[in-house]
Asker: 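For reference, the structure I am asking about is given below.
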There are 2 protein chains.
Amino acid sequence: MVQDTPRNSTPTGAESLIHSLAASGVDICFANPGTSEMHFVVALDRILSIRPILGLFEGAVTGMADGYARMTGKPAVTLLHLGSGLGNGIANLHNAKRAQSPVVNIVGEHATYHLQWDTPLVSDIESLARPVSRWVRRTQSAATVGADAAQAVAAARGAPGGVATLILPADAAWSEGGAPAPPIVPIAAAMPSDAAIDRAATLLKSGRRTVIMARGPALQRDGLHQLGRIAAATGAELMCDGQAPRVTRGSGLPAVERVPYRAETAMERFAGIANLILVGTHPPVPVFAYPNYPSWILPEGMTIHYLAQEHEDGVAALAAVAGMVDGGGQSRPVSAAELPGCPSGSLDQFAIGAILARLMPEQAIISDEAATNGLGPMMATAGAPMHDWLSNTGGAIGQGIPLATGAAVGAPGRKVINLQADGSAMYTLQALWTQARERLDVVTILFSNRSYAILTQELQRVGASDAGPRALSMFDLGNPDLDWTKLAEAMGVEASRATTPQEFEAQLAAALAKTGPHLIEAVI
Amino acid sequence: MVQDTPRNSTPTGAESLIHSLAASGVDICFANPGTSEMHFVVALDRILSIRPILGLFEGAVTGMADGYARMTGKPAVTLLHLGSGLGNGIANLHNAKRAQSPVVNIVGEHATYHLQWDTPLVSDIESLARPVSRWVRRTQSAATVGADAAQAVAAARGAPGGVATLILPADAAWSEGGAPAPPIVPIAAAMPSDAAIDRAATLLKSGRRTVIMARGPALQRDGLHQLGRIAAATGAELMCDGQAPRVTRGSGLPAVERVPYRAETAMERFAGIANLILVGTHPPVPVFAYPNYPSWILPEGMTIHYLAQEHEDGVAALAAVAGMVDGGGQSRPVSAAELPGCPSGSLDQFAIGAILARLMPEQAIISDEAATNGLGPMMATAGAPMHDWLSNTGGAIGQGIPLATGAAVGAPGRKVINLQADGSAMYTLQALWTQARERLDVVTILFSNRSYAILTQELQRVGASDAGPRALSMFDLGNPDLDWTKLAEAMGVEASRATTPQEFEAQLAAALAKTGPHLIEAVI
């Protein structure tokens, strides 16, 4: 138990804010502060129950909060400086929103009486916050900050979780008269109706091919147990979308297949499926439209049934359904994939996947932003020791390094492995510095292909195949090549470069054996 | 003259967009594209009048467009990927807005019929765009893209210049039926009223102390000529705010003093001033409020007179006033500061300023994001060869490197010198890679003090002086130290490290003598 330093006056707004956040269960603040947040920062010295962690860019900070939330299920706060600081954090807040991660943003603002002068940093913070927030509030004074903080945490934690943004005018922070507020119980996940459960059981017992597509807590251990029971009893096929926030996978667990990224492949996959049961998600739609493919990929006549909506308790619903279809039987793994054999030849995503699957420890956490290089590792690790797989949920690139950083903060004692595309890595590379400062246990596998490879693939698919040298130069990250070992070392992270499977294997084994951050630039 | 490759069908929306932008005078596209922008990128291969320049992060891209606009007075386009791409660009668009820089954002969007599915990347682009844009439009189809592009450019160029954002659904880009549009003449700066001019002349001839505070084109050569005439004839004091987008300075030009950053110093400076004449700006207000200082710093009883508003022609107004107060006389420099002497002792901002002032070539462009280290170089260069000084206009840090990059694109043949604080540099360091790829003539002087030094100063001023180790750790960029020579080299930019004035002088001389980018890490 840490002790707070007593003060002889009534609390400031900033102090009441921190007391209220702490009372509501917040213990981490990912911060990139400015002048208007000074009183909050100083109050962190007096009230030791919230630990501040510095990020050198707001996009790093918000991604860390997302990673922390995915591993703990509870919010960290971010501390951001005015509208432009929030702006820098928007891309990863968008991903956090799509992950339904609880996050509380504290956005510093000018003093209430100063705003009228339209000084250089004034901007419309609410307009920037709303697209990524389920809850936005501008606190009015020191007296309201505490209560607003409690509401912000409750809003972030209410099922199914989301982003809450509290705008904090500087005078509300520095003035006395703060009133710490008790926690507010967040809205819990609701139980789906008996009718929805009965209908799902009926569909599963129909004898027709049925896919259960799940998202959220249903893809973690308890949910997977119920999915495994259902699949074993009925032959249901288990799927999730390619942007699932967190999936527990590996040896002993039922395999959950991803909906294919490409519209045409997904259409083939769903052909012949009669029933689609949804748990905390919606019918699958390709991420992008393409000139010659439809947006709606499901077969005509398919029965689509929402067993549990996003705000409902998918795990409980699955348990109820499982009891109806297997009579209370045991779960058994639907599949337990073999580990792939030793790779030979050149270093590529399949060699990397095979080596990773053999070396990764139990309870590893994968932060996957490997983009075009993600398939190999994902296939190879299906039978690896049990692990959690965190995907890019909102398509905003620059998630991988911050997410790994925040996950490491949220799950000490577990090894975090960041599968990271080079193009995406450049958006938020600053998070490597925080890994070094906080000595976080993260191994980054940097896929260095020196291109926006996904875009050269997309080029064909959008029907724009007659690209010339100027267009192609827009996807080329060579000329000059990025030197990732230097970038990492410059931020205090040990790094090495691998060009063969043998080099990669030795470096990964060494990186996993030590604690603290390491980056392997895998030249592929 | 470059030749376009002919095509045998009607233009696509993307092609009509590029034709229309080119017809309206756009010739540069700073790009960070994604899937939804593919057709635009490919069309850049067919229509060679717009040159694409790749940035590895959107904040770099938008800052480049601002730098280009400040040096050319005309817009480049940025190519951004959906709401999250725009989000990453917001901070530097905020600075561009405050600089009144003409910029046209092309923000790719999902196909119109695909949006309804709320796929992972869907977000409210308009809500993100409005805080930084004077004009936002979502084009409806291939047929409307051309006309919308012409309007976007006119909106960006209309006096006094600003940011226009055109949202481009993928199907509007890829469909045929595009119609290239002719340029639209932007709204020109209006002539201020005779009454405003007469009043200014009367105030200047009143015999009471008068400050002229200017912004915009009035701070470039022609405007300075008129300000010099007025100052010589009437003793008027010339000032600008600390966030002026572009000020031409140096030997032979009248010196324009900055309004002091601190409220108390600014109040002292304005004490005894009877008249304040404003040209394209507003009365000065400190950037931030502080508990014990007022927001309004001007003396009671001061006469405040708008000679020209932001949308009016400040240079013409000043010329008219000059003609009334000096009877058509010649301009003469109000001051021509001496170059400072040779520095000795340790390397600090004053030594760096003195060395810079002696070595910098005629027509240099300074991108100033030196933060707490800016005063030394600014004081020292008052009498240096004529140069343009670009400030951080909106207070969103991460402007310096991108702005220097874009300025170099916009002003080939001129040496760009970026005075860059280390904390701010980390926000958009990716722009160094573009400097290397495009072989831009930029010398970055990186002030490596390993702290958010401005925040330790601000801490005292907001009355939060009892900070302890946790709070202070939030302003400390050491542990681990950032290695800026490695960061630069990793992105293809030659770099060196200086720890003494002698080392710095030798390295700066060498960097200025060659062409192409170089970074000097000045350890201070």
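Just so it is clear: chains get the letters A, B, ... in the order the sequence lines come, proteins before strands, and each one is counted from 1.
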Asker: Pick from Leu54(B), Leu455(B), Leu128(B), Thr35(B): which one has the most heavy-atom pairs with chain A under 4.5 Å?
Answerer: Thr35(B)
Asker: Test: salt bridge (charged side-chain N to carboxylate O under 4.0 Å, His left out). Region: residues 112-122 of chain A. Which pairs qualify, not counting sequence neighbours?
Answerer: Asp118(A)-Arg98(B)
Asker: May I ask you to list the residues in residues 85-92 of chain B that approach chain A closer than 4.5 angstrom, counting heavy atoms only, ordered by number?
Answerer: Gly87(B), Asn88(B), Ile90(B), Ala91(B)
Asker: Under 4.5 Å heavy-atom distance to chain A, tell me which part of Asp476(B) shows up: side chain, backbone, both or neither.
Answerer: both
Asker: With respect to chain A, which residue among Pro52(B), Ala111(B), Gly83(B), Pro284(B) yields the maximal number of heavy-atom pairs within a distance under 4.5 Å?
Answerer: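 Sorted descending by pairs with chain A, the first entry is Pro52(B).
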Asker: Given the options Ala396(B), Ser127(B), Ala14(B), Gly395(B), which has more heavy-atom pairs under 4.5 Å with chain A than any of the others?
Answerer: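 Most heavy-atom pairs within the cutoff with chain A belong to Ser127(B).
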Asker: Which atoms of Trp174(B) are under 4.5 Å from chain A, going by heavy atoms: the side chain, the backbone, both sets, or neither?
Answerer: side chain
Asker: What part of Thr393(B) is in contact with chain A, defined as an atom under 4.5 angstrom from a non-hydrogen atom: side chain, backbone, both or neither?
Answerer: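 The backbone, not the side chain.
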Asker: Distance check, rounded to the nearest 0.5 Å: Thr12(B) atom OG1 versus Glu176(B) atom CD?
Answerer: 7.5 Å
Asker: What I want to find out is whether Lys486(A) reaches Glu521(A) closely enough, with some N-O distance under 4.0 Å, to be called a salt bridge.
Answerer: no
Asker: So which of Gly242(A), Ser473(A), Ala488(A), Gly59(A) has the largest heavy-atom pair count under 4.5 angstrom toward chain B?
Answerer: Ser473(A)
Asker: Considering only heavy atoms from C-beta outward, does the side chain of Met38(B) approach that of Met474(A) to under 4.5 Å?
Answerer: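 A side-chain contact is absent here, since even the closest heavy-atom pair is not under 4.5 Å.
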Asker: Tell me whether the count of non-hydrogen atoms from other residues, nucleotides or ligands lying under 6.0 Å of CD in Glu494(A) goes above 12.
Answerer: no
Asker: Looking only at heavy atoms and a cut-off of under 4.5 Å, which of Arg51(A), Lys97(A), Glu37(A), Met426(A) has the most pairs with chain B?
Answerer: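 Option with the top pair count is Met426(A).
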Asker: So what's closer than 4.5 Å to chain A heavy atoms on Leu82(B): side chain, backbone, both or neither?
Answerer: side chain
Asker: Please state whether the side chain, the backbone, both or neither of Pro294(B) comes within less than 4.5 Å of a heavy atom of chain A.
Answerer: neither
Asker: Hey, what do you get for OH (Tyr261(A)) to CD (Gln457(A)), rounding to the nearest 0.5 Å?
Answerer: 9.0 Å
Asker: Does the distance from a Lys or Arg side-chain N to an Asp or Glu carboxylate O, for Asp481(A) and Arg450(A), drop under 4.0 Å?
Answerer: yes
Asker: With sequence neighbours left out, write down each residue that passes side chain to side chain contact (heavy atoms under 4.5 Å, CB included) with Pro286(A), or none if nothing qualifies.
Answerer: Ala263(A), Ile297(A)
Asker: What do you reckon, are the aromatic ring centroids of Phe57(A) and Tyr427(A) less than 6.0 Å apart?
Answerer: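 Not close enough - the centres of the two rings lie 6.0 Å or further apart.
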Asker: Quick check: Phe288(A) with His81(B) (ring centres under 6.0 Å apart)?
Answerer: yes
Asker: Between Leu80(B) and Thr62(B), is any pair of side-chain heavy atoms under 4.5 Å apart?
Answerer: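 Leu80(B) reaches Thr62(B) side chain to side chain.
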Asker: Contact between Ser424(A) and Gln399(A) at the side-chain level, heavy atoms closer than 4.5 Å - yes or no?
Answerer: no
Asker: Using atom types as modelled and distance alone, determine if a side-chain donor or acceptor of Arg439(A) lies under 3.5 Å from a backbone N or O of Gly516(A).
Answerer: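 No, the answer is negative, given that no donor and acceptor are paired below the 3.5 Å cut-off.
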Asker: Relative to chain A, which segment of Leu429(B) carries a heavy atom at a distance below 4.5 Å: side chain, backbone, both, or neither?
Answerer: side chain
Asker: Sort Gln430(B) into side chain, backbone, both or neither according to what part of it lies under 4.5 angstrom from a heavy atom of chain A.
Answerer: both
Asker: I'd like to verify something: which residue of His110(B), His282(B), Gln116(B) has the highest number of heavy-atom pairs under 4.5 Å with chain A?
Answerer: His110(B)
Asker: Among Leu56(B), Ile53(B), Val41(B), single out the residue with the greatest number of heavy-atom pairs under 4.5 Å to chain A.
Answerer: Leu56(B)
Asker: Give, as side chain, backbone, both or neither, the part of Val122(B) having an atom under 4.5 angstrom from any heavy atom of chain A.
Answerer: both
Asker: Of all of Pro469(A), Ala43(A), Ala31(A), which one pairs up most often with chain B through heavy atoms under 4.5 Å apart?
Answerer: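 So the answer, after comparing Pro469(A), Ala43(A), Ala31(A), is Pro469(A).
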Asker: Is Phe40(B) close to chain A through its backbone or its side chain, or both, or neither, when contacts mean heavy atoms under 4.5 Å?
Answerer: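 It is neither, since no heavy atom gets under 4.5 Å.
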Asker: For Glu126(A), enumerate each residue passing the side chain to side chain contact (heavy atoms under 4.5 Å, CB included) test, keeping only those at least two apart in sequence or located in another chain.
Answerer: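 Expected list: Asp124(A), Arg130(A), Val136(A), Arg138(A), Ile167(A).
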Asker: Side chains of Asp483(A) and Thr485(A): donor-acceptor distance under 3.5 Å anywhere?
Answerer: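 Per modelled atom types, Asp483(A) and Thr485(A) side chains form a pair under 3.5 Å.
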Asker: Against chain A, label Ala170(B) side chain, backbone, both or neither, depending on which of its atoms sit under 4.5 Å from a heavy atom there.
Answerer: neither
Asker: With a 4.5 angstrom heavy-atom cut-off, which part of Ser175(B) approaches chain A: side chain, backbone, both or neither?
Answerer: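 Nothing of Ser175(B), per the 4.5 Å heavy-atom cut-off to chain A.
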Asker: Could you check which of Ser84(B), Ser36(B), Gly394(B), Gly492(B) has the highest count of heavy-atom pairs closer than 4.5 Å to chain A?
Answerer: Gly394(B)
Asker: So which part of Asn479(B) gets closer than 4.5 Å to some heavy atom of chain A, the side chain, the backbone, both or neither?
Answerer: both
Asker: Do you know which of Gly468(A), Ala436(A), Pro291(A) has the most heavy-atom pairs with chain B at a distance under 4.5 angstrom?
Answerer: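 The option with the most such pairs is Pro291(A).
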Asker: Without swapping roles, check the side chain of Asn32(A) against the backbone of Glu58(A) for a donor-acceptor pair under 3.5 Å.
Answerer: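 Between the backbone of Glu58(A) and the side chain of Asn32(A) there is no qualifying donor-acceptor contact (under 3.5 Å).
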Asker: Okay, side chain of Trp117(A), backbone of Ser295(B): is any donor-acceptor separation there less than 3.5 Å?
Answerer: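 Checked: no pair found.
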